[in-house]
Structures are given as structure tokens and as C-alpha cells.
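Below is one structure, written out as C-alpha cells; comments come after it.
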Amino acid sequence: MVEGVRLEESWRQALAPEFGNPYMSELRRFLMSEKEAGKRIFPKAGEYFRALDLTPLDQVKVVILGQDPYHGLGQAHGLCFSVQPGVRIPPSLVNIYKELQSDLGIPPASHGFLEHWARQGVLLLNSVLTVEEAQAASHQRRGWERFTDAVIRAVNERCDGVVFLLWGSYAQKKAAFVDRDRHLVLRAPHPSPLSAHNGFFGSRHFSQANAFLVSKGRQPIDWKLPERV
């Protein structure tokens, strides 16, 4: 991709055809030209594929889809809904924590750093993996969406018994092709303050996900985040 970018080996093998595709070359040229123009891109290059690096393909248990990285300084680090330690918890994640407490009795964490989930098999995947500082949605339709479609296809085709948590219409459309005979697909409104009261609260997706994993003989997710990060 670009200098400083790496990718976990199981994903590198599964996604090799994408890296040989012209659209990825165009995306690489776009990102390099943006950097050469002095624009600040989030997250940093080494974290473009952080979600994949932390959750190898054969370890995926749950998929949560986001749309774009946060575009504020110090926020994005490659996982959807997650922010770096010391950064204010975003409103949607505040509501995710509220639902976790209602569903599983887990008190809200004091931070928004979700790597603990990713290391257990929760693929925290944004549809678009980069953004320009202070310019929301600035890297949409540059090729990332096609790449992350391939990521979802790989999970759909190569894994069994994965839980897809699709929050909001964007995520639901993006993963509409997922095989429901092989996977559990749970849908709810987005946890944004604009829509969470329309059915995200009370959806109980976290307990449903764990019950499904246990039914498949897999270890449930420990959704309680450690306070020390």
C-alpha cells in the first residue's frame, strides 16, 4: 500500500487479489498525493489495517461495521467506534456502553479504547479506512469501500458461525449478502444519539452474540474492558 503499512498474514493471503487490482493502485496514489500535499491523514499509516492485524481471519467471532474513521486529532487508531486512550468517549460509544450495561450489567468503561474486544475476535471494521483531518467522509469513494467489501466476503466465505452486528442502514446494506445459514446477523438502529432510542437500546445484541458463540462451542466475548490500557 504505502510506506509504513503492514498487514497480518492470514488477511494478506485472503486479500492478495485485491492488492493486485487497479483500484488499489489508484487508492495508493491518492493517499501518497494527499500526504505530499501536506494533508494530515488519520489514522497513521501503520494503523490503516489495525482491525485486521488484531483479529486474524481464522479468529473472527464477531464483526461490527462502522463507516469512517474519526477525523479529530488523536482519535482514530484503526478500529471502528474506538478511540485512543485519554480521548473523550464519542457519543455513539457512550450509547454502546449504556446498552452493554443494560444487557450484561457491565458498567461503562472510563475510556474508549476497544483493543480488548479486537484481540478476542471482534473485527471492528470501518468501511473507509482513512480520512483527512477535520474533513469528515473525505476519503469515501476512493476504493476503500471495495476493499472492505472483500474483507466481509472473506469472513462470510471462509469462516463459520460468525456474529454480524449491523447497526444502522449503512452497515446493513454493506453486509446484506452475508449467508444467514452460516452466520448470525443481528440488526439494529445506529447507536448515534440521533437514532439509539429507535431500537438500539434494548436490542441485547451482546448477550445474543455470546449465546450464539457458546452454542457453536466457541468462547464468548468478554465485553468488559480493562480499566488499565
Side-chain angles (χ1 to χ4, degrees), residues 8 10-11 13-18 21 49 51-52 54-68 79-82 92-93 95-100 102-104 106 114 116-129 140 143-192 194-223:
E8 190 274 332
S10 67
W11 285 111
Q13 293 180 15
L15 299 170
E18 301 304 310
N21 200 296
F49 300 123
L52 305 179
L54 290 176
T55 313
L57 179 57
D58 62 354
Q59 296 177 28
V60 176
K61 296 179 179 179
V62 178
V63 176
I64 299 177
L65 295 180
Q67 191 163 354
D68 290 277
L79 306 181
C80 72
F81 293 107
S82 181
S92 290
L93 186 53
N95 286 338
I96 290 170
Y97 287 172
K98 288 179 180 178
E99 176 58 20
L100 256 179
S102 172
D103 187 8
L104 294 174
I106 296 173
L114 304 183
H116 177 66
W117 295 356
R119 293 181 186 278
Q120 297 177 75
V122 182
L123 181 61
L124 295 165
L125 182 68
N126 274 318
S127 176
V128 177
L129 301 187
Q140 288 184 4
W144 280 129
E145 293 94 339
R146 185 169 170 182
F147 178 79
T148 52
D149 282 349
V151 171
I152 298 168
R153 278 198 307 275
V155 175
N156 182 53
E157 295 168 4
R158 300 179 183 226
C159 303
D160 285 305
V162 172
V163 184
F164 286 81
L165 303 185
L166 306 182
W167 299 334
S169 59
Y170 184 92
Q172 291 160 18
K173 290 174 184 174
K174 186 170 180 68
F177 62 84
V178 169
D179 185 350
R180 297 182 182 219
D181 292 329
R182 296 177 64 180
H183 307 290
L184 177 64
V185 177
L186 299 176
R187 297 157 54 104
H190 195 277
S192 159
L194 298 174
S195 55
H197 289 280
N198 295 329
F200 177 79
F201 291 138
S203 61
R204 300 184 64 86
H205 279 186
F206 302 102
S207 59
Q208 290 184 67
N210 276 355
F212 179 80
L213 292 171
V214 170
S215 77
K216 297 294 183 180
R218 307 186 76 182
Q219 190 72 17
I221 303 299
D222 173 18
W223 296 104

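The shortest heavy-atom contact between Ala51 and Leu79 is CA-CD2, 3.4 Å. Of all non-hydrogen atoms in Ala188 and Gly199, the two that sit nearest each other are CB-O, 4.2 Å. Listed here is the closest heavy atom pair of Trp223 and Trp117: O-NE1, 2.9 Å. Nearest approach of Arg218 to Gly161, heavy atoms of both residues: NH1-O, 3.5 Å.
Distance CG/Leu114 to CG/Leu93: 5.5 Å, rounded to 0.5 Å. Taken from CG in Asn198 to CG in Leu194, the straight-line distance is 9.5 Å, to the nearest 0.5 Å. Here the NE2-OH distance, from His190 to Tyr170, works out to 11.0 Å after rounding to the nearest 0.5 Å. Note that OH of Tyr97 is 12.0 Å distant from OG of Ser92, once rounded to the nearest 0.5 Å. Taking CG from Leu54 and CG from Leu123, the interatomic distance works out to 10.0 Å, rounded to the nearest 0.5 Å. One finds the CZ atom of Phe177 at 6.0 Å from the CZ atom of Arg153 (value rounded to the nearest 0.5 Å).
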> What do the steps show when you test Phe212 against Gln208 for side-chain contact (heavy atoms from CB on, under 4.5 Å), and what is the final call?
Replying inline: CA-CA 6 Å; Phe212 179 80; Gln208 290 184 67; over 6 Å; no
> Where do Leu52 and Leu57 land on the side-chain contact (heavy atoms from CB on, under 4.5 Å) test, with the steps shown first?
Replying inline: CA-CA 8 Å; Leu52 305 179; Leu57 179 57; over 6 Å; no
> Could you walk me through whether Lys174 and Asp149 pass the side-chain contact (heavy atoms from CB on, under 4.5 Å) check?
Replying inline: CA-CA 7 Å; Lys174 186 170 180 68; Asp149 282 349; 2.5 Å; yes
> Yes or no on side-chain contact (heavy atoms from CB on, under 4.5 Å) for Arg146 and Asn21, after CA distance, side-chain angles and deciding distance?
Replying inline: CA-CA 11 Å; Arg146 185 169 170 182; Asn21 200 296; 3.3 Å; yes
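Under the 3.5 Å distance criterion, the side-chain polar atoms of Asp103 are left unmatched by any main-chain donor or acceptor of Gly202. Although no hydrogens or angles enter the test, the distance criterion places a donor-acceptor pair under 3.5 Å between the side chain of Arg182 and the main chain of Glu157. Between the side chain of His183 and the main chain of Val178, no donor-acceptor pair closer than 3.5 Å is present. Side chain of Glu18 to main chain of Thr148: no donor-acceptor pair is present (N/O by atom type, distance under 3.5 Å, no hydrogens or angles). Side-chain atoms of Gln172 do not come within 3.5 Å of backbone N or O of Arg187 as any donor-acceptor pair. When atom types are taken as modelled, the side chain of Ser10 and the backbone of Pro56 share no donor-acceptor pair closer than 3.5 angstrom. In terms of modelled atom types and a separation under 3.5 Å, the side chain of Asn95 and the main chain of Pro191 share a donor-acceptor contact.
When side chains are defined from C-beta on, Glu99 counts as touching Arg204, because their heavy atoms get closer than 4.5 Å. The side-chain heavy atoms of Ile221 and Val122, taken from C-beta on, include a pair separated by under 4.5 Å. The side-chain heavy atoms of Trp167 and Ile96, taken from C-beta on, include a pair separated by under 4.5 Å. Glu145 places a side-chain heavy atom less than 4.5 Å from the side chain of Val128. Between Leu166 and Val63 the shortest side-chain heavy-atom distance does not fall below 4.5 Å. You'll find the side chain of Val163 reaches within 4.5 Å of the side chain of Leu186, heavy atoms only. The shortest side-chain heavy-atom distance between Phe164 and Ile64 does not fall under the 4.5 Å cut-off. Side-chain atoms of Phe147 and Leu15, non-hydrogen and from C-beta on, do get closer than 4.5 Å to each other.
The closest side-chain donor-acceptor pair between Thr55 and Lys61, if any, does not fall under 3.5 angstrom. Donor-acceptor pairing under 3.5 Å is recorded for the side chains of Asp68 and Gln140.
By the ring pair (Phe, Tyr, Trp, His ring centres under 6.0 Å) test, Phe201 is found to be paired with His197, residues two or more places apart in sequence or in another chain being considered. By the ring pair (Phe, Tyr, Trp, His ring centres under 6.0 Å) test, Trp11 pairs with no residue at all, sequence neighbours left out.
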